[in-house]
Amino acid sequence: MHTHKNHPFHLVDVSPWPLMGALSAMITMIGIIKWFHMFNNSLFLLGTTITLLVMYQWWRDISREGTFQGLHTFSVTMGLRWGMILFITSEVFFFISFFWGFFHSSLAPTIELGMVWPPKGIETFNPMQIPLLNTLILLTSGLTVTWAHHSLMENNYNQTTQGLTLTVILGIYFSILQGYEYIEASFTISDSVYGSTFFMATGFHGIHVIIGTTFLLVCLIRHLNNHFSSIHHFGFEAAAWYWHFVDVVWLFLYISIYWWGS
């Protein structure tokens, strides 16, 4: 088979994962409808399991292409960089919609809310307790992931391992504290527009923290398997960019919803 090419781009091999991913997403969505109408989540769990397996195998293949097969040339990594930049930009606009909803309701509370913000009957969280601790945790994790990145660029294997491990631990700690906060909450997602905007904004941020923690954990495993070099580690760089984005969103959430909004 003639494998020579006169260009730096990566033409992907035939893969079953896009079709499998689409089918598993369809099964998951049908499973959600079945769960809502028939109170049976078996199809949803099956679809989710297949989706997770497809994700694992698809990203495993991409890791192999970039690591062992040497297919991620400079042109390919530039494409990946722009892809990640545009993805994070779309995420910024995703969160802007939640802030828009929050400020639309809070800057001019209607008569249905008692003309006050927070609405009558809503007992808000103390911003100086768990929310402040979570802010410190995420700011510290931003420092540790930057430490890990600079250590990687300086070929310092041990410090990269330490920085990444600390970041993953802080991410897990944040999620545990947010879960505890939700359990202790005196209001629910159905309690006026405050409950809706609070749980939508902080909940989606929480999901992003879990995804980011998983992203960094995979980077830690890949680092321990020597997948990264000081000049070829975009997988880790993308995870760091994503983590910094999650940090910044939390600062806006803390200042607007927890501190000003309460």
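These numbers come from a predicted model, not from an experiment.
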- Query: With no hydrogens and no angle check, do the side chains of Thr202 and Tyr258 hold a donor and an acceptor under 3.5 Å apart?
  - Reply: no

- Donor-acceptor pair between Ser24 and Thr51 side chains, under 3.5 angstrom: yes

- Interatomic distance, Thr167 atom OG1 to Gln162 atom CD [nearest 0.5 angstrom]: 11.5 Å

- Message: Testing the basics here: between Ile172 and Thr213, what is the closest heavy-atom pair and its distance to 0.1 Å?
- Response: CG1-CG2, 3.9 Å

Going by atom type alone, with no hydrogens or angles, which donor-acceptor pairs under 3.5 Å involve a side-chain atom of residues 241-255 and a protein atom two or more places apart or on another chain?
{"unit_1": "Trp243", "atom_1": "NE1", "unit_2": "Ser141", "atom_2": "OG", "d": "2.7"}
{"unit_1": "Trp250", "atom_1": "NE1", "unit_2": "Thr135", "atom_2": "OG1", "d": "2.9"}
{"unit_1": "Tyr254", "atom_1": "OH", "unit_2": "Pro127", "atom_2": "O", "d": "2.8"}

- Hey, quick one: are Phe234 and Leu86 part of the same hydrophobic cluster, counting side-chain heavy atoms closer than 4.5 Å, chains of contacts allowed? no

- Note on the structure: Output for pair (Thr188 OG1, Phe198 CZ), nearest 0.5 Å, gives 11.5 Å

- Determine whether Pro16 and Gln57 make a side-chain contact, defined as any pair of heavy atoms from C-beta on separated by less than 4.5 Å. no

- Task: Can you establish whether the number of heavy atoms outside Ile231 located under 6.0 Å from its atom CD1 is more than 12?
- Result: no

- Shortest non-hydrogen pair, Ser105 vs Val193, comes out as OG-CG2, 3.4 Å

- Item | Pairwise distance NZ(Lys34) to CZ(Phe39) - rounded to 0.5 angstrom | 13.0 Å

- Sorted by chain and residue number, the salt bridge (Lys or Arg N to Asp or Glu O under 4.0 Å) partners of Arg81 (sequence neighbours excluded) come out as Glu237

- Item | Atom CE of Met38 with >12 non-hydrogen neighbours under 6.0 angstrom | no

- According to the interplanar angle, ranging from 0 to 90°, do the rings of His149 and His233 count as parallel (below 30°), tilted (30 to 60°) or perpendicular (above 60°)? perpendicular

- Answer yes or no: is there a side-chain heavy-atom contact under 4.5 Å between Trp35 and Asn40? no

- Output all residues satisfying side-chain hydrogen bond (donor to acceptor under 3.5 Å, both in side chains) with Thr161, sequence neighbours left out; order by chain, then residue number. His223

- Message: Parallel, tilted or perpendicular: which one describes the rings of Phe102 and Trp260, with boundaries at 30° and 60°?
- Response: perpendicular

- Query: Does Leu143 reach the side chain of Leu139, with side-chain heavy atoms less than 4.5 Å apart?
  - Reply: no

- Note on the structure: Taken in chain and number order and not counting sequence neighbours, the residues that satisfy side-chain hydrogen bond (donor to acceptor under 3.5 Å, both in side chains) with Asp61 are Trp17

- Message: Nearest 0.5 angstrom please: Thr140 OG1 to Leu170 CG, how far?
- Response: 6.0 Å

- Query: Are any of the side-chain heavy atoms of Pro131 and Trp259 separated by less than 4.5 Å?
  - Reply: no

- Is it true that atom OH of Tyr180 has more than 12 heavy atoms of other residues, nucleotides or ligands lying nearer than 6.0 Å? no

- Query: What about the rings of Phe199 and Phe98, do their centers lie closer together than 6.0 Å?
  - Reply: no

- Query: Are any of the side-chain heavy atoms of Ile130 and Phe125 separated by less than 4.5 Å?
  - Reply: no

- Enter the distance from Asn155:CG to Phe228:CZ here, rounded to the nearest 0.5 Å. 13.5 Å

- Query: Does one side chain, of Glu91 or His208, offer a donor that lies under 3.5 Å from an acceptor on the other?
  - Reply: yes

- Message: Can you confirm whether more than 12 heavy atoms, excluding those of Met84, are under 6.0 Å from its CE atom?
- Response: yes

- Message: Please identify which of these residues, Phe95, Phe99, Phe94, meets the ring-ring contact (aromatic ring centres under 6.0 Å, His included) condition with Phe204.
- Response: Phe94

- Note on the structure: Leu164 and Ala148 have their tightest heavy-atom pair at N-CB, 3.7 Å

- Task: Examine Ile257 and Leu132 and state if one hydrophobic cluster contains both, with Ile, Leu, Val, Met, Phe, Trp and Tyr joined whenever side-chain heavy atoms are less than 4.5 Å apart.
- Result: yes

- Task: Kindly determine whether Phe93 and Ile96 satisfy side-chain contact (heavy atoms from CB on, under 4.5 Å), including the steps that lead there.
- Result: CA-CA 5 Å; Phe93 282 94; Ile96 283 173; 4.1 Å; yes

- Of all heavy-atom pairs linking Gly66 and His232, the shortest is O-NE2, 3.3 Å

- Message: Quick check: is Met200 connected to Ile210 through a chain of hydrophobic side chains (ILVMFWY, heavy atoms under 4.5 Å apart)?
- Response: no

- Message: With rounding to the nearest 0.5 angstrom, report the CD1 to CG distance, Ile27 to Leu45.
- Response: 12.5 Å

- Message: Are more than 12 heavy atoms, taken from residues, nucleotides or ligands other than Tyr56, located less than 6.0 Å from that residue's OH atom?
- Response: no

- Message: Contact between Asp191 and Ile122 at the side-chain level, heavy atoms closer than 4.5 Å - yes or no?
- Response: yes

- Message: Any heavy-atom pair between the side chains of Tyr173 and Leu138 that's under 4.5 Å?
- Response: no

- Query: Given the rule in the side-chain contact (heavy atoms from CB on, under 4.5 Å) test, do Ile30 and Leu43 qualify, once you have shown the distances and angles that lead to the verdict?
  - Reply: CA-CA 8 Å; Ile30 293 169; Leu43 193 62; 3.7 Å; yes

- Item | Ser196 side chain vs Ile189 backbone, donor-acceptor pair below 3.5 Å | yes

- side-chain hydrogen bond (donor to acceptor under 3.5 Å, both in side chains) partners of residues 66-78, not counting sequence neighbours, each pair once: Thr67-Arg222

- Listed partners of Leu166 passing side chain to side chain contact (heavy atoms under 4.5 Å, CB included), at least two apart: Thr144, Trp147

- Message: How close do Phe103 and Ser256 get, counting heavy atoms only, and between which atoms?
- Response: CZ-CB, 3.5 Å

- Spell out, yes or no, whether Leu224 and Leu216 are grouped together once hydrophobic residues are joined by side-chain heavy atoms under 4.5 Å, including indirect joins. yes

- Message: Quick check: is Phe87 connected to Trp82 through a chain of hydrophobic side chains (ILVMFWY, heavy atoms under 4.5 Å apart)?
- Response: yes

- With side chains defined as the heavy atoms from C-beta onward, is the minimum distance between Phe236 and Val145 less than 4.5 Å? yes

- Count the heavy atoms of every other residue, nucleotide or ligand shown that sit under 6.0 Å from CE of Met153, and state whether that count exceeds 12. yes

